[in-house]
Amino acid sequence: MSVHILAVDTETTGLDAYHGNSPFIVTFASNQEDQQDIWSWRVNPLTREVKVPKLEAKEVIRKIEKADILVFQNAKFDIRMIDNLPVKCNWDWSKIHDISISAHLLGSAQNKDLTTQALRWINTNLDPYEKAVKEATDKARRICRTKLFKEEKGEWDIAKDDHPKLPSGGGWKADMWLLEEIAIRAPEFLPEWRDPSTFQVWDPKRDDPKDHPWFSIAEYYALPDSDATLLIFQEHQRRLESLGLLKIYEKRRELLRLVSKIESTGVIVNRFRRDELVDAYVPEVEKCIKRCIGLSEGRLDKVPIQGVSNALRDTVFDHFGLESPKKTPTGNPSLDKEVLDHFLLELRPNSAAHVFIKSLKDFRKRMTAINYMKGYEKFWLPYDEENGDFILHPSLNMTGTTTLRWSSSNPNEQNISKQEGFNLRYAFGPPKEHFWASIDYENLELRIPAYESGEEELIALFERSNDPPFYGSNHLLNFSTIYPDLWDPLLEKYGPENVASEVKKRYKSTWYQRCKNGGFAIQYGSVITENKVSTADKAFGRIGAHQTLKDKFAQLDKLNQSCIEMAQKTGFVHTIPDKEVDPEKGYPLECKRTRWGKVKPTIPLNYHVQGTACWVIMIAMLMVDDYLKTINRKRKGKSQFAIVMQIHDELVIQGPLIDGYEDILKEVSKIMSSVGSRIGIPLRVGCDVHLNNWASGKELSI
DNA sequence: TTCGGTAGCGCC
DNA sequence: AAAGGGCGCTACCGAA
């Protein structure tokens, strides 16, 4: 018998599997059955709970377990949802395929949603189905809000953005089940409907609700999705094979199980430490609001948390007569933090405008922190009440970016502030009797192009990272190059051993900070043009700085040029090939063209480096997970070592505080740096151990 | 009421 | 024509 391929798709009562949302429709498409298979279950409108008969769940699970190949669009979502059925499924991850992984591999810059893919790969337009069911659902929600409640049928629990079971938001899809429930429980509210073929009008008094489209429209919408998924999968496999990309695809597929595991392990956040932070910000925020509103002389009645409201624009630009030196992307006067800093330097201290701007800046900074923490509270679930520990299950998307970076959402675990005075990592940390360890690659995105291009001075810098005067710091090397007038006197006075710390001490928030910004601008692709000061020069505060560094690091520039040339010619750059996966081929990253048909020159090297860096962390995660599994096997039934977060070049490991845990971390660090040999780039990692919270820790020497 | 665009800001 | 890359979240605002 040939291979049985089964595509699976679910419709659910919301996106938040960990907050009790469940599938109410499961559809299958198979390469061996003529008919598609659909399962649909009733939803209790008062509780949003799905009633799945155990026997039916059993049959669904058996069908899944019997297939040779299981195909999903975003597998871990459906899998996690199916896990909420009353019968447990024994997932064999080696059978699971995901068309978002192949879609990314075939065109990393394209949208990976099913509708876009169906259009591109199988020339099918799914839009009309979606439009029809959306329109109906919107109408159904209106009926619930306006009519149903008045008829005392109990308050139907329709989706709202602040619904506790729907922290990701209550979009219309979370209420698709309403259609059938209205048809069954409250058919008198079904809207008028005319059969387009017979022109007969459906009459609630005369006709069977089962003949009204709302009775079955959700299923009708769901069916084409699994069908499309199956066909897209088959098309993708053909393409991958002919392009020789199957080896990379198979490696990427290994991540599915791991990503799912990381999400389910979750991240601990502590209520008490969170409260400490919020309690410190709230009174200061109130003071700032009072000052701003007072000084606006009636123009403001509230201070916008972000963005520029009309009232704020009026106050700053008209009332105070300030002029922004910077424009937003759409050409409006910007009022971001950089502009606020600029105003503060210009204005007379203690003048009304100065106090206003300062208060606005302080307000925004604190509100950002408070809002982040509100977000965490919205998503968290009880974990260890006594210690105040809660758990988050951020969603990780390994195909969410145009490069190989992962994205994280609901909530985003990758943008938790670590700024002085606003270090929200303080609220995060290990549960009782556990440790966290942050292990990050040192200068990962600088090492890659430096070694690849053979840039001797940079290589020397990284090889001798314990040596004065730079101690492996690219920023300090740049500093000595761009600001010799500041560097040389300090070098003379304090000697090569101490000049670095002296520079950082004296110029921490001024020239050293600008130097760092300039360095990042170059790293992220700043371009030198004839008649404009480059972004890097602006950041460095020295005209010509960018050119100086470009001349000094000519090999890097050559690599940049070759990436640009490749991208202009083919529309793709590739990551450095992984010797263990496919020594011939790296991961192709699509560089979108502008509407004038060219790739922006800022993009190719960036994608190449960022993509390679993320390939490295991806392999590291697989290897670290394998290693931790061997440790965990010896600890059956006890708490486990696990990867809990990935922040692009950093992994956070959690584990029990047992004897020898530091040796385990040393081994993890060793594994992580060993990945470099697969791409020919020597890598180093640093490791910080956190026993109480993520903000404070001590370095582990490795 | 819902939605998309804009702005600002956190991370690497 | 313009050139600092990649994300997600929230608030504001005007249009449908």
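Convention: sequence-line order gives letters A, B, ...; per-chain numbering from 1. All values below come from the heavy atoms of this structure, side chains included, with hydrogens, waters and symmetry mates left out. A quick note: this is a predicted structure, and the numbers were derived from the prediction, not measured.
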Measuring from the side chain of [X] (C-beta onward, heavy atoms only), which nucleotide among [options] has the closest atom?
| X | options | result |
| --- | --- | --- |
| A/W596 | C/dG6, C/dA1, B/dC12 | C/dA1 |
| A/R405 | B/dC9, C/dG6, B/dC11 | C/dG6 |
| A/Q419 | C/dA11, B/dG10, C/dG5 | B/dG10 |
| A/S309 | C/dT10, B/dG8, C/dC12 | C/dC12 |
| A/L335 | B/dG8, B/dC12, C/dG8 | B/dG8 |
| A/N310 | C/dG8, C/dG6, C/dG14 | C/dG14 |
| A/S409 | C/dG8, C/dC12, B/dG10 | C/dG8 |
| A/K337 | B/dC9, B/dC3, C/dG6 | B/dC9 |
| A/T402 | B/dC3, C/dC7, B/dT6 | C/dC7 |
| A/T594 | C/dA1, B/dG10, C/dG5 | C/dA1 |

Practice prompt. Return the value, rounded to whole Å, for the distance between atom NE2 of A/H648 and atom P of C/dG6.
Written response: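 Rounded to whole Å, this separation is 13 Å.
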
Please determine if a side-chain N or O atom of [X] lies less than 4.0 Å away from the OP1 or OP2 oxygen of [N].
| X | N | answer |
| --- | --- | --- |
| A/N410 | C/dC9 | yes |
| A/N332 | B/dA7 | yes |
| A/S407 | C/dG6 | no |
| A/S526 | C/dA3 | no |
| A/K327 | B/dT6 | no |
| A/Y607 | C/dG6 | yes |
| A/K418 | B/dG10 | no |
| A/R141 | B/dT2 | yes |
| A/R364 | B/dG8 | no |
| A/T602 | C/dG5 | yes |
| A/K365 | B/dG10 | yes |

Worksheet item: Looking only at side chains, do A/N415 and A/Y372 share a donor and an acceptor under 3.5 Å apart?
Response: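 Indeed, the side chains of A/N415 and A/Y372 share at least one donor-acceptor pair under 3.5 Å.
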
Discussion item. We want to know whether A/Q419 and A/N423 form a side-chain donor-acceptor pair, criterion being a heavy-atom distance below 3.5 angstrom.
Written reply: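 No, no side-chain donor-acceptor pair sits under 3.5 Å.
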
Fill in: Separation between the P atoms of B/dA7 and C/dA3, rounded to whole Å
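Result for the P pair: 15 Å, nearest Å.
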
Worksheet item: Closest nucleotide of DNA chain C for A/G375 versus for A/G400: which of these residues is on the 5' side?
Response: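 Nearest-nucleotide comparison on DNA chain C picks A/G400.
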
Worksheet item: Does A/L381 offer a backbone N or O that forms a donor-acceptor pair with the side chain of A/H19 under 3.5 Å?
Response: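 No.
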
Worksheet entry | A/L444 backbone acceptor or donor facing A/D649 side chain under 3.5 Å |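 No, because the side chain of A/D649 does not come within donor-acceptor range (under 3.5 Å) of the backbone of A/L444.
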
Worksheet item: With a 4.0 Å cut-off, would you call A/R142 and A/D138 a salt bridge?
Response: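 Looking at A/R142 and A/D138, the cut-off is not met.
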
Item to complete: Is it possible for you to check whether A/R80 lies under 6.0 Å from the centre of the six-membered ring of A/Y18, through NZ or CZ, and within 45° of that ring's axis?
Response: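 Yes; both conditions hold, so A/R80 lies above the ring face of A/Y18.
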
Worksheet entry | Presence of donor-acceptor pair under 3.5 Å, side chain of A/N415 and base of B/dG10 |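 When only heavy-atom distances are counted, A/N415 does reach the base of B/dG10 through a donor-acceptor pair under 3.5 Å.
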
Discussion item. What contact category does A/R142 fall into here, base, sugar-phosphate, or nothing, at under 4.0 angstrom with non-hydrogen atoms?
Written reply: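 Result for A/R142 = nothing.
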
